[in-house]
Enquirer: 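Sending over a structure as structure tokens; questions will come in a sec.
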There are 2 protein chains.
Amino acid sequence: MSTRARTKPQRDRHQEIVEAAAQVITDRGLAETRIQDIADRCGVSPGLILYYFGSKDRLLVEALTYANDQSYLRTSRELRKLPAASQRMDRLIELSVPGLLPEYSLLDEWALWLEIWVRALRDPEMAKERENLDRRWVQSISEVIRYGRQTGEFPSDAADADDIAMEFGAMVDGLAIQVLLNDTVMTPSRMHDICLDVARRLIGYDGTR
Amino acid sequence: MSTRARTKPQRDRHQEIVEAAAQVITDRGLAETRIQDIADRCGVSPGLILYYFGSKDRLLVEALTYANDQSYLRTSRELRKLPAASQRMDRLIELSVPGLLPEYSLLDEWALWLEIWVRALRDPEMAKERENLDRRWVQSISEVIRYGRQTGEFPSDAADADDIAMEFGAMVDGLAIQVLLNDTVMTPSRMHDICLDVARRLIGYDGTR
DNA sequence: GCCTCTCGTTTGAACCGTCAGTCAACCTGA
DNA sequence: TCAGGTTGACTGACGGTTCAAACGAGAGGC
């Protein structure tokens, strides 16, 4: 925990490696990710990676959760800035569609979800993390709903906010998979339309699109 | 001279290997599947696998599509036996929930979907196959809907059958992922309830549950 | 019936690149 | 000098692929 290092601009190495790992996983896929790739990416020797993480697996799990974490925090922060619940909902939807916004596409993030899921199939630690990450996303949907009901923007007579969020979140997952995999029928804009439509139907607000 | 083949290829070797491969992938996951495992599973030498398929990758893609294919055909055949559209729909839902029916759980089939998706991320051939497979499943939903409308069992004033099927199918995918990964909140029976509920809401029929 | 030739099938070991993980030595700043 | 950070060559195992040889079922000849 030195405050500063001179010869090398070393920030927290741990952090640096995790970020590099997340990028490599995004680029090449989990199965094709080598320790050497990660080492190259942050200009370091392979040995050092093991020095910090002990094993490749530990690093991979941390990288996957870290990337998702960042993505969540970024989105969450952005939503909180918007005053109206309907704006938050619409923006949340916009940000959920892979490849809809070119500058901010979330394509990578969705690809990482797939990797997380496959790994969670057989890695209990990953399975547990996956549930935490997922729960948080669903909660941020239901928070928007509750927020809208509190401010009177959304009607309060509809179903339980958590139930709606779960159902809606599941549909977003399913649609996102198709869009991510370049389905010819399910395009980003079609997914966007469907999501807006379903959200309005479930929550009961009208959009000004 | 027990289990050994004395004569010519007992059955189609190609077929035999594909089936063995699908089982191994199901058991150990795509990433952990070795040619040796597949060879062991059908009592054959590793060399023979390559003799028939040229490369591991070609076999894997074929095995993944084959397994999904079988699962689809089995389901499709079963649905066609049921007279009423509502029965077909309910059964289709039942069969879609991983682990709901102990004897017939589809757990494996869903796990294979995950593998297909990840592979499709970077393998164009797999991506194309994936779209074919997926389209077929969605179509079998919309066929049930159209069938019900034809027989007057379902109202015809609701949305387009294809749109409903797509939306519903996406939600099933999303929910199935959670159930498959042993989510503590999203249990098989909860998924089942949600699916029945949403199906009735979207299609507009009432269940006799 | 028996031999033999042939060709598709099958084997098993060898080949060879790859890669996670190890280790002894080497910084470098305090 | 000391300690933690860093290196990079090394290793040991692994696993896809190759290949030369063996096998065995039929066809045809005798």
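As the structure is a prediction and not an experimental result, all values here were calculated from the model. Throughout, protein chains are lettered first and strands after them, A, B, ... in sequence-line order, and every chain is numbered starting at 1.
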Enquirer: What is the separation between atom NE2 on A:His14 and atom P on D:dG4, rounded to the nearest whole Å?
Expert: 18 Å
Enquirer: Rounded to whole angstroms, how far apart are CG on A:Leu59 and P on C:dC19?
Expert: 16 Å
Enquirer: Between atom NZ in B:Lys56 and atom C1' in D:dT18, what is the gap in whole Å?
Expert: 17 Å
Enquirer: Can you tell me which nucleotide in D:dT7, D:dT17, C:dT10 comes closest to the side chain of B:Tyr51?
Expert: C:dT10
Enquirer: Which is more 5' along DNA chain C, the nucleotide nearest A:Glu32 or the one nearest A:Pro46? Just name the residue.
Expert: A:Glu32
Enquirer: Which nucleotide sits closest to the side chain of B:Leu48: C:dT9, C:dG12, D:dT6?
Expert: C:dT9
Enquirer: I'd like to know if the side chain of A:Gln87 and the backbone of A:Ala84 have a donor-acceptor N/O pair within less than 3.5 Å.
Expert: yes
Enquirer: Grab the CD-P distance between A:Glu16 and D:dG5 for me, whole Å please.
Expert: 14 Å
Enquirer: Could you tell me if B:Arg13 sits above the aromatic ring of B:Tyr52, with its cationic atom closer than 6.0 Å to the ring centre and no more than 45 degrees from the axis?
Expert: no
Enquirer: Look at the side chain of B:Arg34 and decide which nucleotide, out of D:dG15, D:dT6, C:dT9, has an atom nearest to it.
Expert: D:dG15
Enquirer: Nearest of D:dT17, C:dT10, D:dT6 to any side-chain atom of A:Ser45?
Expert: D:dT6
Enquirer: Quickly work out the B:Phe53 CZ to D:dT18 P distance and round it to whole Å.
Expert: 16 Å
Enquirer: When the distance from CD1 of B:Ile38 to P of D:dG16 is rounded to whole Å, what number comes out?
Expert: 8 Å
Enquirer: Mind calculating the distance between CD1 (A:Ile35) and P (D:dC10) to the nearest angstrom?
Expert: 19 Å
Enquirer: Less than 4.0 angstrom between a side-chain N/O of B:Arg13 and OP1 or OP2 of C:dG8, yes or no?
Expert: no
Enquirer: Of all the choices, D:dG15, C:dT10, C:dG21, which nucleotide is nearest to the side chain of A:Leu50 once you look at every atom?
Expert: C:dG21
Enquirer: Would you call A:Arg130 and A:Asp123 a salt bridge, taking side-chain N to carboxylate O under 4.0 Å as the test?
Expert: no
Enquirer: For the pair made of CG in A:Asp40 and C1' in D:dG8, what is the distance, rounded to whole Å?
Expert: 12 Å
Enquirer: Students often mix this up, so state it plainly: with edges at 30° and 60°, are the rings of B:Tyr72 and B:Trp137 parallel, tilted or perpendicular?
Expert: perpendicular
Enquirer: So, B:Arg80 and B:Ser76: side-chain donor and acceptor under 3.5 Å apart, yes or no?
Expert: yes
